[in-house]
Every structure is written in structure tokens, then in C-alpha cells.
Amino acid sequence: MAQDKTSFREHSGVLPDGTSWLIRVPANWNGRLLRDLDFASFIHVPGYAPRYDDLLARGYAFAGLARHPLRLWQYDPQREILNLETVQDTFTKLEREPDMVLQYGCSGGGLDSLASAEVYPDKIDGSVVLAAHTPVWIMNSFLDGWFAMKTLLGADFEAQGLGQASELTVVGLPNAGAGGDRNLDAIRAAWKSAIENAGKTSEGRARLALAFALGQWSPWLVEGTDLPDTADTAAMADMVLKSAMRIASNVGGTSRLLFENAASGQQLSSNESVDYAAFYANAAPAMKQLVEALYDEAGLDLQADIATINAEPRIAASDYALDFWAADGRTTTGELEVPAIRIHMLGDWAIPYSLMQGYEELVEQAGTTDLYRQALVQGTGHCEFMAAESSVIVEILADRVTTGIWPETTSGALNTAATALETGSVPRFIDHGDWRVDAYNRPWTPAQ
């Protein structure tokens with residue numbers, strides 16, 4: 001589709017809380033509005049712009065926000081959703097009532113999409129969900145892998161004279177300018193040293209793979225690389241090491257400070273009652289195959305290492321933090337009120353792909369499966385979806401809203417439909433296959 005010839009009307013402004021907003025209405029508007037958390041911020045960002053351009057060219061209007069400049073310290077998806085509703089009202093006043101409104105968003109915007117579909121459905125007809133995080137879920141998933149790495153790598157870190165194991169901090173990270181004996185850069189440097197050291201030995205590489213399996217993380221988190229054949233143990237082990245180094249700058253998990261700051265700095269993740277042997281049993285078959293091959297090569301006792309992790313003192317969550325994240329718009333329950341379609345990349349370094357499967361399980365428990373579809377994409381990066389992948393799920397959701405019936409959403413059907421859109425990009429939908437976990441380890445709802 002010729003994306004560079006789309007003409008549009010534009011409106012912009014700033015909400016009372018300082019959030020900027022932007023509206024674009026193409027000349028060929030089809031009456032459908034996409035409401036997006038990041039539209040005002042990312043309309044010109046190379047990884048996002050092709051998706052926006054393609055949808056505008058297809059006649060979709062956008063109304064969206066820029067992320068607030070103080071979001072690192074004041075993050076609240078509930079407020080973001082309410083701001084999106086305000087901008088939607090502004091759209092109606094400036095233009096007209098849309099024929100269809102779809103919430104659309106990636107990452108934090110993906111959470112806004114899910115939460116809108118569950119507890120703020122009155123102003124939307126459906127939700128498009130890309131790489132969504134759910135704060136308590138993601139921090140618990142990240143806690144598991146980082147906790148395992150600290151437990152298993154700490155002794156050799158000390159033995160090699162690289163520092164004290166206590167320097168491998170996972171939670172309670174310092175904010176910039178907050179004082180304290182150590183800053184975040186020092187913690188990152190310690191972790192990078194520990195991971196590099198582990199990569200030098202067969203024992204260390206096996207233990208890194210175990211940590212990834214326990215966290216239900218993808219081993220493939222490095223942009224610009226190819227996914228190894230899962231049967232190639234050496235290549236997979238190399239990829240785990242590179243991926244561990246890729247995320248070493250995000251100690252404890254991407255956005256941990258953002259989520260902790262939101263609840264006045266209180267801890268939202270916990271592993272107090274976790275049985276890591278049970279968590280290992282839930283690992284993706286591809287990861288269990290890798291871990292067991294590496295443990296055999298290293299001559300290590302896998303069950304002994306899991307027992308060592310289970311024996312470590314645990315980390316508790318703050319009731320205050322959990323109460324904060326239990327509020328409307330801040331978590332997900334699977335209790336959909338309008339249709340939603342969700343996609344996630346296997347190689348997303350910021351948000352484990354396994355969260356998507358966990359949500360699918362909640363939807364089944366809630367009895368809302370007819371309102372939900374999801375698909376996995378073979379790609380790396382965070383929110384770096386192709387225009388073909390984004391546009392096809394928007395079109396499919398619009399079809400579902402219009403007809404009440406889902407078009408076919410198998411990976412093959414999605415690739416065929418996406419290719420037919422002629423976006424100039426190649427869709428990459430795949431089946432879960434050996435990447436499907438037995439069960440997602442970390443669903444959390446306010447009742448739990």
C-alpha cells in the first residue's frame with residue numbers, strides 16, 4: 001500500500017496533567033478510530049512509524065498520547081486509560097462519533113488494551129494487544145530467572161575474585177540520585193562480570209540455561225540474530241549467553257524501577273511459596289532439552305541445583321504494592337467484555353513471551369475464549385512488529401466486531417492474510433511448538 005501519499009487532518013494539545021495528545025484523521029477515513037497510548041510519542045520512530053503509516057493509509061484514524069515525562073516515577077496504567085478516554089471524547093467533538101473504536105497498543109499500551117477490554121469497555125468495541133506486559137506477572141517471571149542466576153553464579157563470582165555474591169542485586173534497586181552505597185551502574189557491572197564468567201565454563205553455561213528455563217524466558221533475545229536450531233546444543237548455549245548479556249543492563253527485569261516507583265518504591269514481586277522443581281517441570285520443551293543436554297555435558301546434578309535454589313532465602317512482596325497493582329486498569333484477569341487479539345514476539349527481550357500463554361489460560365478459566373485470540377511471532381526486539389503483523393490483526397479484529405465471528409487465526413492463515421495486505425513487509429507468525437510452556441508459572445490476579 002502506498003503509505004507516503006496519505007493526507008490527513010491533525011489536532012494536538014496537552015491534557016491538564018501534562019500529557020501530550022495527537023489526533024490524525026486520514027482523508028479516506030473509514031469511520032474507525034484506533035486509540036493508542038504511544039501515538040503522539042512514536043509516530044516518527046522508525047520501529048513504529050511503518051505500522052502507523054500503513055493503518056492511516058487504510059483509512060484508520062488515530063487518537064493517542066505521549067508517555068508522560070514523569071512516567072518513570074508516576075506510572076499508572078489506570079490514569080493512562082482515563083486520559084485515552086478524554087482524547088477519544090476530544091476526537092468526537094473535533095470530528096464526529098466514530099463508527100468503531102479499537103484500543104491499540106504495545107508494551108504498556110498493550111496492558112492498557114487488555115485492561116480496557118476487561119474493565120473499561122464502554123467506550124471501545126475491541127482491543128488490539130501487542131507485546132503486553134502485566135506488572136506483577138512480569139516482575140515475578142523476571143524474579144525467578146534472576147534469583148536462580150544469583151544463587152547459581154554467586155559462588156564462582158566470588159571464587160574468581162570478581163566481587164561478593166551480595167553485589168548481585170535483584171530487587172530494591174537504587175534510583176538515580178537516591179543515594180546509597182552502590183549505584184545502578186555498579187550493580188549492572190557486577191552482573192555483566194558474573195554472566196561473562198559463567199559463559200567461560202560448561203557448568204556456568206548450563207546454569208544460565210536453567211535460569212532462563214525457570215523464568216520461562218526465551219533464549220533468543222538479541223536483535224539481528226537468527227533463532228538457532230533447538231537441536232544444536234552449542235548454538236543454543238551461545239544464544240543463552242548472548243541473551244543474558246543483552247538483558248544485563250535491565251537488572252531484575254525490564255521496568256522494575258518503573259513498577260516499584262509506581263507503588264511508592266514498594267516491592268511487587270515475590271517467590272516466598274515457589275517450588276522451583278515444579279517451575280522447571282513447566283518449562284518449554286525446547287528449554288528442558290537444552291538444560292538437560294548442558295547438564296549432562298557439564299557433569300552436573302540438575303536436581304541438586306534446583307534444590308539449591310529452593311533452599312535460598314526468599315523475597316517477599318509488599319502488601320501495599322500488591323494493593324496498588326490490584327486496582328482497575330493495573331492488572332489483568334481474563335474477564336474480557338469486548339473482543340481482543342494479542343500477539344507477542346518469541347524473542348522479546350523486555351517481556352517474556354510466556355505471559356501471553358498465561359493470559360490465554362486465564363481467559364479459559366473466565367469463560368471468555370470466544371472474545372480472545374492470540375498468535376506468536378518469530379522475531380526479536382521489543383515492539384518491533386512488521387506493518388503486516390500489526391495491520392492484519394487490526395483488520396481481523398474489525399471483522400470480528402462487525403460480524404461477531406472470528407476469521408481463522410492459525411499462524412498459516414494469519415501469514416496468508418497479512419501477505420495479501422501488501423504492506424511491503426513479511427509476516428512471521430508461527431505455531432508455539434516446542435516453545436509452549438506446560439503452564440505459565442506466574443499468573444496473578446487480585447483475588448490471589
Side-chain angles (χ1 to χ4, degrees), residues 1-10 12 20-30 32-67 84 102-110 112-113 126-132 222-226 341-351 353 374-399 409 411 413-430:
M1 178 164 285
Q3 301 168 1
D4 56 349
K5 297 180 181 179
T6 305
S7 60
F8 53 82
R9 298 184 297 280
E10 182 171 288
S12 62
S20 298
W21 59 267
L22 177 68
I23 288 170
R24 282 189 180 177
V25 185
N28 62 333
W29 185 33
N30 59 16
R32 297 170 178 176
L33 173 65
L34 295 173
R35 212 178 68 177
D36 176 35
L37 170 68
D38 293 316
F39 184 64
S41 292
F42 295 154
I43 183 61
H44 298 299
V45 174
Y48 288 71
R51 301 200 295 268
Y52 291 135
D53 291 344
D54 189 76
L55 287 163
L56 284 164
R58 293 179 193 283
Y60 288 88
F62 272 90
L65 308 175
R67 299 197 181 195
L84 283 164
L102 302 179
Q103 177 66 34
Y104 173 99
C106 194
S107 193
D112 290 351
S113 287
S127 282
V128 179
V129 185
L130 299 93
V222 182
E223 296 92 334
T225 62
D226 293 325
I341 186 166
R342 180 177 186 172
I343 62 175
H344 207 106
M345 285 192 288
L346 174 63
D348 189 325
W349 54 263
I351 303 171
Y353 75 96
Q374 67 178 34
L376 188 65
V377 173
Q378 184 169 319
T380 54
H382 180 53
C383 288
E384 295 179 19
F385 295 98
M386 299 297 180
E389 294 152 1
S390 165
S391 290
V392 77
I393 63 169
V394 170
E395 297 276 62
I396 281 175
L397 181 62
D399 196 0
T409 56
S411 59
L414 288 171
N415 284 326
T416 298
T419 300
L421 293 178
E422 298 183 344
T423 64
S425 61
V426 178
R428 305 162 294 171
F429 295 105
I430 59 170

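The structure presented is a predicted model; accordingly, all values stated were derived computationally and were not measured.
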State, with a plain yes or no, whether a side-chain heavy atom of L414 is found less than 4.5 Å away from one of I396. yes

Shortest non-hydrogen pair, L56 vs Y60, comes out as CD2-O, 3.3 Å

Between T419 and P427 the two heavy atoms that sit nearest each other are OG1-CG, 3.5 Å

Q. Is there a donor-acceptor contact under 3.5 Å from the side chain of R58 to the main chain of L421?
A. yes

Sorted by chain and residue number, the side chain to side chain contact (heavy atoms under 4.5 Å, CB included) partners of D399 (sequence neighbours excluded) come out as T403, P407

d(S390 OG, L55 CG) to nearest 0.5 Å is 4.5 Å

For residues 41-50, run the donor-acceptor check on the side chains, cut-off 3.5 Å, and write out each pair with its distance to 0.1 Å, sequence neighbours left out.
unit_1 : atom_1 : unit_2 : atom_2 : d
S41    : OG     : R67    : N      : 3.0

For I341 and T409 the tightest heavy-atom approach is CD1-CG2, 4.4 Å

Donor-acceptor pair, H344 side chain versus I351 backbone, under 3.5 Å? yes

Rounding to 0.5 Å, atoms CG (L34) and OH (Y104) come to a distance of 7.5 Å

Value for CG (L22) from CG (D38), rounded to nearest 0.5 Å, stands at 12.0 Å

Parallel, tilted or perpendicular, as decided by the 30° and 60° cut-offs, for the rings of F39 and Y52: perpendicular

task: Consider only side-chain N and O atoms of D54 and S391, and report whether a donor and an acceptor are under 3.5 Å apart.
output: yes

Nearest heavy-atom contact between G224 and T380 is N-OG1, 3.9 Å

Sequence neighbours excluded, the answer for side chain to side chain contact (heavy atoms under 4.5 Å, CB included) partners of D226 is none

Hey, is the main chain of F385 close enough, under 3.5 Å, to the side chain of R51 for a donor-acceptor pair? yes

Distance col, row R35:CZ vs L65:CG, nearest 0.5 angstrom, shows 9.0 Å

With sequence neighbours left out, the residues meeting side-chain hydrogen bond (donor to acceptor under 3.5 Å, both in side chains) with W349 are E223

Interatomic distance, CD1@I343 vs CD1@I393, rounded to 0.5 Å, equals 3.5 Å

inquiry  = Does any part of the side chain of S411, heavy atoms only, come nearer than 4.5 Å to the side chain of L376, both counted from C-beta?
reply    = no

For A398 and R32, the nearest pair of non-hydrogen atoms, with its separation, is CB-NH1, 3.4 Å

- Query: Counting N and O atoms only, with roles assigned by atom type, does the side chain of R342 sit under 3.5 Å from a partner on the main chain of A132, one being a donor and the other an acceptor?
  - Reply: yes

Taking every heavy atom of S20 against every heavy atom of A40, the minimum-distance pair comes out as O-CB, 4.3 Å

To the nearest 0.5 Å, atom OG of S107 lies from atom CG of D348 at 7.5 Å

Residue set satisfying side chain to side chain contact (heavy atoms under 4.5 Å, CB included) with A61, at least two apart, ordered chain then number -> V25, P26, W29, L33, F91

Expected output: side-chain S425 to main-chain A388 donor-acceptor under 3.5 Å
yes

Donor-acceptor pair, side chain of S113 and main chain of V128, under 3.5 angstrom: yes

Worksheet item: Where do M386 and T423 land on the side chain to side chain contact (heavy atoms under 4.5 Å, CB included) test, with the steps shown first?
Response: CA-CA 9 Å; M386 299 297 180; T423 64; over 6 Å; no

For residues 379-392, the salt bridge (Lys or Arg N to Asp or Glu O under 4.0 Å) pairs (sequence neighbours left out) are E389-R428

